[in-house]
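Letters A, B, ... mirror the listed sequences (proteins, then strands); counts begin at 1. It should be emphasised that the depicted structure is a prediction, and the values quoted were computed from it without experimental measurement.
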Protein chains: 2
Amino acid sequence: MSQASSFSNNRAEDDARSTRELIIAESLRCFAESGYDGTSLNDIAAGVGIRRPSLLHHFASKEALYAEVFEKLLADWLEHLDIAVADRALGWAKVELVLNAGFQLFEDTPDYVRMMRREALDGGTHPGIDLAAVLRPLFDAASAYFDAQMEAGVFKRHNSRHLLITGYGAILTYFSDAAFIDGLIDDDALTKEHIAEHRDHVLSFFKSALIG
Amino acid sequence: MSQASSFSNNRAEDDARSTRELIIAESLRCFAESGYDGTSLNDIAAGVGIRRPSLLHHFASKEALYAEVFEKLLADWLEHLDIAVADRALGWAKVELVLNAGFQLFEDTPDYVRMMRREALDGGTHPGIDLAAVLRPLFDAASAYFDAQMEAGVFKRHNSRHLLITGYGAILTYFSDAAFIDGLIDDDALTKEHIAEHRDHVLSFFKSALIG
DNA sequence: CAAGATACCTACCTACTGGTAGGTAGTGCG
DNA sequence: CGCACTACCTACCAGTAGGTAGGTATCTTG
């Protein structure tokens, strides 16, 4: 009856992986849209086209499912950002590279941003997840980079750690609060055009503050 | 038996208002901390020291309670910000005035910020609440102000609407995501000192981008 | 004092939550 | 074929959600 089982002509393992992935994808959608408490396992199961017990056959518990979705989120982000971070560009070029990579990533997966925001907002409520601990090496490295560039006179002097927090807020908010921003600008904030507009603004604004 | 009724020697109306206010205050705490779905009426009632049915004697429903808490939030914010907005200062002085008023307000009521963020994140899920509609006049007025100042050459050219969105994100995030930022800076982000640090950074950063 | 209102209570309702028990159809393999 | 395994199902469990019914004690007012 379910769509999933109609594919079971293929190898069983393929089907298994596919259903797991469907569950993770639907969970991401639901958790991003309604949060952990606002999402029931029935919601997710219904979105996938199976029953709750079948979902719990693939994941031990709601907590475990949430943790796995979140781990995938972090892994995807770190993978994509590492490419930009690893680039040997210097000065403003590197900042622009990372910001562009971030905007591209967030444009592709706005649900990730909303889920991440909810997690930051909850502040470590979910057991086994320590967002800050994972991101802190990146934070420290970025802070050191800015300090070095400021020391060298490439960037104007700012508090590098607060600069990063400001940037984090400025960029993620556009995606996490898109539904609210829709109402401010009276249009869909997540169109390609509006995102590009915001990206251009953030780039020129930060460049203006860092270089002049 | 309850603490509330032990005060009933006073005028009944006083007591009534007081219990209502206790409920609203506790609701704010809970909604900010755990969100709408993560907060049960039992949680709130327990925090006040009464039972759930007694709480529902003061408020028709959970939705109605949430709406009233949120209306109070908006009213408080608009009241405080209007004072700064109404000031006849011009150029950077006015921006600094409003930003300082905002920081002071958010420092006093960080729970408001978290609740507001959750609402922006949910994006109009709660019936009878349209955050964007309320804030839009302010948004449009602020946008016009920046456009005029840029036109007059007081500020460097930026996209005023995206500038406001960037500022909104940069400032509110520090308070809404404080628990996460704690983990990044390895300290309580909401101490007077750290807030002042962030305020100083935001002020100098924005001044740097707007004036140079 | 009597009437009415207020603020609280216990007991109960239905709906839904996360999770489990136990069963079945289909697949791969010795 | 027979065994083990996977992926799904229905039926159930205890717990909790928001909300209601109906009662009691206290205070205000005529």
Using atom [atom1] of [X] as one end and atom [atom2] of [N] as the other, report the distance to the nearest whole Å.
X     : N      : atom1 : atom2 : value
A/L22 : D/dA7  : CG    : C1'   : 13 Å
B/H57 : D/dG22 : NE2   : P     : 17 Å
A/R51 : C/dG18 : CZ    : P     : 16 Å
A/L55 : C/dT17 : CG    : P     : 13 Å
B/I50 : D/dA25 : CD1   : P     : 19 Å
A/L56 : C/dA21 : CG    : C1'   : 13 Å

Does any pair with a residue in [range] pass salt bridge (charged side-chain N to carboxylate O under 4.0 Å, His left out), and if so which ones, sequence neighbours excluded?
range                       : result
residues 163-177 of chain A : A/D177-B/R117
residues 119-136 of chain A : A/D122-B/R118, A/R136-A/D140, A/R136-B/D186
residues 192-201 of chain B : B/E107-B/K192

### Query
So, for B/I23 and B/I50, which heavy atoms are closest and what is the spacing to 0.1 Å?
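Smallest interatomic distance, heavy atoms only, reads CD1-CD1, 4.2 Å.
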### Query
Which residue pairs pass the side-chain hydrogen bond (donor to acceptor under 3.5 Å, both in side chains) test with at least one member in residues 74-89 of chain A, sequence neighbours excluded?
A/D76-A/Y112
#### Entry: Of all pairs that satisfy side-chain hydrogen bond (donor to acceptor under 3.5 Å, both in side chains), the ones with a partner from residues 33-47 of chain B, not counting sequence neighbours
B/E33-B/R114, B/S40-B/D43, B/N42-B/R52
#### Entry: Neighbours of DNA chain D within residues 33-44 of chain B, by heavy-atom distance under 4.0 Å
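Contacts with DNA chain D under 4.0 Å: B/T39, B/S40, B/L41, B/N42.
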### Query
Hey, does the side chain of B/S61 come within less than 4.0 Å of D/dG18's phosphate (OP1/OP2), counting only N and O?
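Result: no.
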### Task
Quick one: list whatever passes side chain to side chain contact (heavy atoms under 4.5 Å, CB included) with A/V134, sequence neighbours left out.
A/L74, A/L78
Would you tabulate the pairs of protein nitrogen or oxygen atoms and nucleotide nitrogen or oxygen atoms of nucleotides 11-13 of chain C closer than 3.5 angstrom?
none

### Summary
Per atom distances to the B/K62 side chain, the nearest of D/dG18, C/dT20, C/dA7 is D/dG18
### Task
Please identify each residue that fulfils side chain to side chain donor-acceptor pair (under 3.5 Å) with A/S61, with sequence neighbours left out.
none
### Message
Working note: B/T166 + A/H198, criterion side-chain contact (heavy atoms from CB on, under 4.5 Å); need CA distance, chi angles, decisive distance, verdict.
### Response
CA-CA 9 Å; B/T166 298; A/H198 191 65; 3.4 Å; yes
